[in-house]
There are 2 protein chains.
Amino acid sequence: MTSSRSWRSEEVARNDRALLRAAREVLAVDGVHASVASIAARAGVGVGSLYRRYRTKQELFQRLCLIALREYLDAATEGLAMDDPWEGLMHYAMASIRSGPGSLAPVAGTFEPTDEMTDLAEQGDRAVARLVERAHQAKVLRAGVTPVDLELLIEQLSKSPLQEQLQRQGRTELYDAARNARERVIAIALDGLRAVPAGPVPGQPPGYELFAMRWVPPAGGAQQSE
Amino acid sequence: MTSSRSWRSEEVARNDRALLRAAREVLAVDGVHASVASIAARAGVGVGSLYRRYRTKQELFQRLCLIALREYLDAATEGLAMDDPWEGLMHYAMASIRSGPGSLAPVAGTFEPTDEMTDLAEQGDRAVARLVERAHQAKVLRAGVTPVDLELLIEQLSKSPLQEQLQRQGRTELYDAARNARERVIAIALDGLRAVPAGPVPGQPPGYELFAMRWVPPAGGAQQSE
DNA sequence: ACAGTTGCGGAGTGATTCGCTCCGCAATTA
DNA sequence: TAATTGCGGAGCGAATCACTCCGCAACTGT
């Protein structure tokens, strides 16, 4: 069961990645009530394959949190490794938003964290504190902003209600527009952290259909998962 | 349990308000899967009272959306009535965040909107467009920001993952700190819309316990609803 | 004082969905 | 061809869902 030469082990790994990605997406949309069936369906595997890898639903979520914490720490240390204080801070923020600790918020507090998890969290917090302090000393970060402010802002930006609704309704034709719009919103919000005025808003101005579509039920009838 | 000196009509109105408020809160936390039982419990009434006022769960949600749309339009027109373009814009943004159209996003698209709803939405959109245009002409709004950018930013800020988790775990002692922290985050993010640099971050710097508590399960054992 | 009215809380109900198990099957190996 | 291995998903008991119904308390008219 360890390392077999060349078998379908690569498909196994691929399935596992798909499973983790699907779990994070479904968790972001459905919250705590996310069902294992929908996770497996989104990953394109059967529930049997899910339960062969994770003995229970909670075990899968724990693994997810552990991975997110690792990405969180990595993002912070990478940011610290950068020379420019502001760029380092933004690297951390962007990566942290992307890895989505915010989307894991519904799971938080539902199980006792392992020692490894608390350890990773502490290391990450220390790195972020240094990141913030460095940016303050360079006068590029707005005065008064604390690490907690930054983390809460990141969490606030982690979710994407618009993209969630789009994928819930299966309107794939608007995915690109939604992603562009989301990047603009994130850029605007993060620029509120700047001590100096920001440049122009990046990307294309979003079309109006993104906002207008929200209230009308989907045409095709494709709702929920698959 | 119900002790009122005069006739119950005032209790009826009070129950109705509590019902609507509870519905919005539960909807924000649980999404589409919010159960009527949890809504009634949070409002402090029985499910029977809920169903006497709203024939079905969807009818309650529709009423909720209608109210949110009205508040949305009111906020925009009030903002337009103000003399200062930036203050008017911020008044709209704050009020819109508070009334929480973003927390209604999960319901959006699950039913056909009534004529009154589309009408309110169109009026509101026009008012917001004027609000944005006026702010641009006064050079107080960052160049390139469109009404859709603004609305999506507002939606992004409408949810409060931290407060949701706190109330899910029943940690009432941190409510004030969480509200303060949330106001700071909102202020920071909205300042990203400014053309000119912003002042200091309002409120007290948030304590670290707000972020540290997230991963440990609640001590008392009070979880979920009730 | 007392029958009538009104709105209340929540136990009960059938249908649905949940997490999870188990098994037939196809693909791979020897 | 026989053995092995991981796969998808039907199926299971338990839990939860939206919703109904009824006994009860608060209040009114006479």
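The sequence lines fix the lettering, A, B, ..., with proteins before strands; numbering per chain opens at 1.
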Enquirer: Counting only side-chain heavy atoms from C-beta out, which of D:dA18, D:dC7, C:dA11 sits nearest to B:Tyr51?
Expert: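 Closest of the options to the side chain of B:Tyr51: D:dA18.
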Enquirer: More than 12 non-hydrogen atoms from neighbouring residues, nucleotides or ligands closer than 6.0 Å to CZ on B:Arg53, yes or no?
Expert: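 Yes, because the 6.0 Å sphere around CZ of B:Arg53 holds more than 12 heavy atoms from other groups.
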Enquirer: Please determine whether a side-chain nitrogen or oxygen atom of B:Thr56 lies at a distance below 4.0 Å from atom OP1 or OP2 of D:dC19.
Expert: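 It does, given that an N or O in the side chain of B:Thr56 lies less than 4.0 Å from OP1 or OP2 of D:dC19.
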Enquirer: Between B:Phe61 (CZ) and D:dA18 (C1'), how many Å, whole number?
Expert: 11 Å
Enquirer: Between B:Arg182 and B:Leu157, is there a donor-acceptor pair closer than 3.5 Å when you use the side chain of the first and the backbone of the second?
Expert: yes
Enquirer: Whole Å only: how far is the CG atom of A:Asp30 from the P atom of C:dG19?
Expert: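 After rounding, the reported distance stands at 10 Å.
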Enquirer: B:Arg52 side chain: which of D:dC17, C:dC8, C:dC20 is closest?
Expert: C:dC8
Enquirer: Is there a side-chain polar atom (N or O) of B:Asn15 under 4.0 Å from OP1 or OP2 of C:dG7?
Expert: no
Enquirer: Would you mind telling me which residue lines up with the more 5' stretch of DNA chain C, B:Leu50 or A:Ser35, judged by nearest nucleotide?
Expert: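 First, find each residue's nearest nucleotide; the 5'-ward one identifies B:Leu50.
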Enquirer: Which part of the nucleic acid does B:Arg53 contact within heavy-atom distance under 4.0 Å: base, sugar-phosphate only, or nothing?
Expert: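 Sugar-phosphate, no base atom in range.
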Enquirer: Please report, rounded to the nearest Å, how far the C1' atom of C:dG10 is from the CD1 atom of B:Ile39.
Expert: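 Computing the B:Ile39:CD1 to C:dG10:C1' distance gives 17 Å.
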Enquirer: Please state how far atom NE2 in B:His33 lies from atom P in C:dG19, giving the value in whole angstrom units.
Expert: 11 Å
Enquirer: Send over the distance from B:Arg14 CZ to C:dC8 P, rounded to a whole Å.
Expert: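 Value for this atom pair: 10 Å.
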Enquirer: What verdict does the side-chain hydrogen bond (donor to acceptor under 3.5 Å, both in side chains) test give for B:Asn180 and B:Tyr175, after you've listed the backbone C-alpha separation in whole Å, the side-chain angles of each residue and the deciding distance to 0.1 Å?
Expert: CA-CA 9 Å; B:Asn180 171 59; B:Tyr175 277 7; over 6 Å; no
Enquirer: Any donor-acceptor pair under 3.5 Å linking the side chain of A:Asp149 with the backbone of A:Thr146?
Expert: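 A pair under 3.5 Å: yes.
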Enquirer: Identify whether any heavy atom of A:Ala43 sits under 4.0 Å from a base atom; if not, whether one sits that close to sugar-phosphate; answer base, sugar-phosphate or nothing.
Expert: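 A:Ala43: no heavy atom of the nucleic acid under 4.0 Å.
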Enquirer: As a test of reading the structure: which of C:dC18, D:dC19, D:dA10 is closest to the side chain of B:Val47, going by heavy atoms?
Expert: D:dC19
Enquirer: Rounded to whole angstrom units, what separation is found between the OH atom of A:Tyr54 and the P atom of D:dC7?
Expert: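 My rounded result for the distance is 12 Å.
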Enquirer: Given D:dG8, D:dA18, D:dC7, identify the nucleotide with an atom nearest to the side chain of B:Lys57.
Expert: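 For the B:Lys57 side chain, the nearest candidate turns out to be D:dA18.
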Enquirer: How many angstroms lie between atom OG of B:Ser158 and atom NZ of A:Lys159, to the nearest 0.5 angstrom?
Expert: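 Going from the OG atom of B:Ser158 to the NZ atom of A:Lys159 covers 13.0 Å.
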Enquirer: If you compare every side-chain N and O of B:Ser49 against the phosphate oxygens of C:dG7 (OP1, OP2), does one of them come in below 4.0 Å?
Expert: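 For B:Ser49, the contact criterion (side-chain N or O under 4.0 Å from OP1 or OP2 of C:dG7) is not met.
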